[in-house]
Amino acid sequence: MLQNFGVVFAFAFAFLLSACSPKLDWRTVQAQQEGYSALFPGKPEKIERKLSYQNQEIPQTLEAVKIEDDIYSVSTIHLAKDQVALAPKLLEQLQNNLFNRAKVNAESAVSSDASYQAANRQRLSAKDYFLEFKSTGAVEQSMRVRWITRVTPDNGVWIYQVSVLHAAPARVDAKQFFSEEAYSNFFDEFHPE
């Protein structure tokens with residue numbers, strides 16, 4: 001009985017130590033200006049910039065955190081009411097930039113049907129893509145990415161890119177690798193307004 005208690009204690013101690021690990025330091029980030037909440041595995045850094053697209057300045061925000069070999073990020077682009085017509089082509093360009101780097105297209109990329117829950121608890125469909133980028137020799141990169149487009153109350157549009165980039169010496173099977181709980185939590189707990 002004492003031996004069983006020791007095993008249970010060892011597992012409990014290991015669990016408590018892992019809870020102190022930055023990898024498991026989950027926190028909900030309320031990005032009210034960008035219209036979402038997300039569960040990040042650490043405190044993200046925020047970068048804001050303006051994109052030049054078709055002679056217009058478009059605000060883009062990136063919140064990201066690096067944990068070991070992974071970068072968890074949420075990129076948001078806001079299109080005002082008078083810029084909404086740009087949304088389909090801009091989204092297509094964002095997607096094609098990543099697909100081209102991975103030497104695939106939307107049809108040939110490894111993907112799976114997914115869903116996300118909006119802030120109003122409504123479940124909506126999405127698609128996750130699992131990309132493996134050409135090797136640089138020393139580093140292998142793979143990514144899980146999801147794009148979500150949402151209309152704002154003032155008839156503008158948010159374009160969200162939710163992604164995790166993994167960069168390490170060994171190649172991984174992206175779909176299997178990014179199905180682990182630490183990655184699924186990040187995608188499952190992203191909630192746009």
Side-chain angles (χ1 to χ4, degrees), residues 27-66 70-131 133 141-165 178 183-193:
R27 61 190 67 212
T28 300
V29 173
Q30 299 287 338
Q32 293 176 341
Q33 288 182 319
E34 291 79 30
Y36 72 84
S37 70
L39 185 65
F40 278 90
K43 184 178 179 184
E45 296 291 324
K46 186 174 185 175
I47 301 169
E48 295 177 350
R49 69 178 190 157
K50 297 279 187 186
L51 289 176
S52 293
Y53 183 74
Q54 295 189 1
N55 299 321
Q56 297 191 41
E57 294 293 309
I58 299 170
Q60 180 184 31
T61 303
L62 175 71
E63 289 203 67
V65 63
K66 183 174 187 336
D70 303 320
I71 298 173
Y72 294 74
S73 66
V74 176
S75 170
T76 58
I77 294 174
H78 182 255
L79 298 172
K81 182 178 172 180
D82 60 333
Q83 298 172 314
V84 169
L86 301 174
K89 287 291 184 188
L90 181 57
L91 177 59
E92 182 181 351
Q93 183 176 333
L94 293 170
Q95 292 171 331
N96 286 338
N97 287 345
L98 282 178
F99 292 149
N100 290 340
R101 278 191 55 220
K103 306 279 190 250
V104 296
N105 59 40
E107 291 76 37
S108 66
V110 175
S111 64
S112 68
D113 291 332
S115 65
Y116 66 94
Q117 185 173 325
N120 64 4
R121 304 233 186 266
Q122 181 182 13
R123 274 237 165 286
L124 301 161
S125 63
K127 187 172 284 283
D128 286 354
Y129 293 92
F130 302 88
L131 307 175
F133 301 107
Q141 292 184 331
S142 53
M143 175 183 270
R144 178 178 175 181
V145 61
R146 175 185 297 172
W147 289 279
I148 297 171
T149 304
R150 301 278 295 167
V151 176
T152 64
D154 63 354
N155 294 319
V157 170
W158 283 111
I159 298 174
Y160 299 104
Q161 178 178 302
V162 182
S163 62
V164 179
L165 176 67
F178 288 116
Y183 306 111
S184 295
N185 284 343
F186 180 64
F187 286 88
D188 293 344
E189 296 302 322
F190 175 80
H191 304 296
E193 288 182 355

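Treat the numbers as computed from the prediction; the structure is a model and nothing was measured.
Here the side chains of P59 and E48 are not in contact, with every heavy-atom distance at 4.5 Å or above. For the pair P192 and W158, the minimum side-chain heavy-atom distance is 4.5 Å or more. Residues D113 and K127 form a side-chain contact, since some pair of their non-hydrogen atoms from C-beta on lies under 4.5 Å apart. K81 places none of its side-chain heavy atoms less than 4.5 Å from the side chain of D154.
Contact record, L131 with A109: CD2-CB, 4.1 Å, taken as the closest heavy-atom pair. Taking each heavy atom of F133 and L98 in turn, the nearest pair found is CE2-O, 3.7 Å. Across all non-hydrogen atoms, the minimal contact from A85 to P88 is O-CD, 3.5 Å. Of all heavy-atom pairs between A118 and L124, the closest is CB-CD1, 4.4 Å. Looking at every heavy atom in both residues, S112 comes nearest to F130 through OG-CE1, 3.5 Å. Across every non-hydrogen atom of A87 and I159, the tightest pair is O-CD1, 4.1 Å.
In this structure, CG in L86 is found 12.0 Å from CG in L91, a value given to the nearest 0.5 Å. Interatomic distance, CG of N155 versus CG of L79, reported as 13.0 Å (0.5 Å rounding). Taking CZ of R144 as the start and CG of D70 as the end, the distance is 12.5 Å to the nearest 0.5 Å. Atom OG of S111 is separated from atom CZ of R146 by 12.0 Å, given to the nearest 0.5 angstrom. Note: I148 CD1 to S125 OG = 10.0 Å, rounded to the nearest 0.5 Å. In this structure, W147 CH2 and Y129 OH are separated by 7.0 Å, a value rounded to the nearest 0.5 Å.
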**Q.** Derivation and outcome, side-chain contact (heavy atoms from CB on, under 4.5 Å), residues K103 and S108
**A.** CA-CA 9 Å; K103 306 279 190 250; S108 66; over 6 Å; no
(Q) Could you go through H78 and I58, starting from their C-alpha distance and side-chain angles, then the distance that decides it, and tell me whether this counts as side-chain contact (heavy atoms from CB on, under 4.5 Å)? (A) CA-CA 7 Å; H78 182 255; I58 299 170; over 6 Å; no
Q | side-chain contact (heavy atoms from CB on, under 4.5 Å) between E34 and K46, intermediate numbers included | A | CA-CA 11 Å; E34 291 79 30; K46 186 174 185 175; 3.3 Å; yes
Q: Would you please test F186 and F40 for side-chain contact (heavy atoms from CB on, under 4.5 Å) and show each step?
A: CA-CA 6 Å; F186 180 64; F40 278 90; 3.7 Å; yes
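For F178 and F187, the ring centers sit 6.0 Å or farther from each other. Ring to ring, F190 and Y116 are not that close: their centroids are 6.0 angstrom or more apart.
Judged by distance alone, the side chain of Y160 and the main-chain N or O of G35 form a donor-acceptor pair under 3.5 Å. Formation of a donor-acceptor pair under 3.5 Å by the R150 side chain with backbone atoms of E193 is found in this model. Under the 3.5 Å distance criterion, the side-chain polar atoms of H191 are left unmatched by any main-chain donor or acceptor of S37.
For S73 and E63, the side-chain atoms include no donor-acceptor pair closer than 3.5 Å.
Around CD of Q33, the count of heavy atoms belonging to other residues, nucleotides or ligands within 6.0 Å does not exceed 12. Residue-environment remark: CD (Q56) exceeds the threshold of 12 foreign heavy atoms within 6.0 Å. More than 12 heavy atoms of other shown residues, nucleotides or ligands fall within 6.0 angstrom of atom CD in E57.
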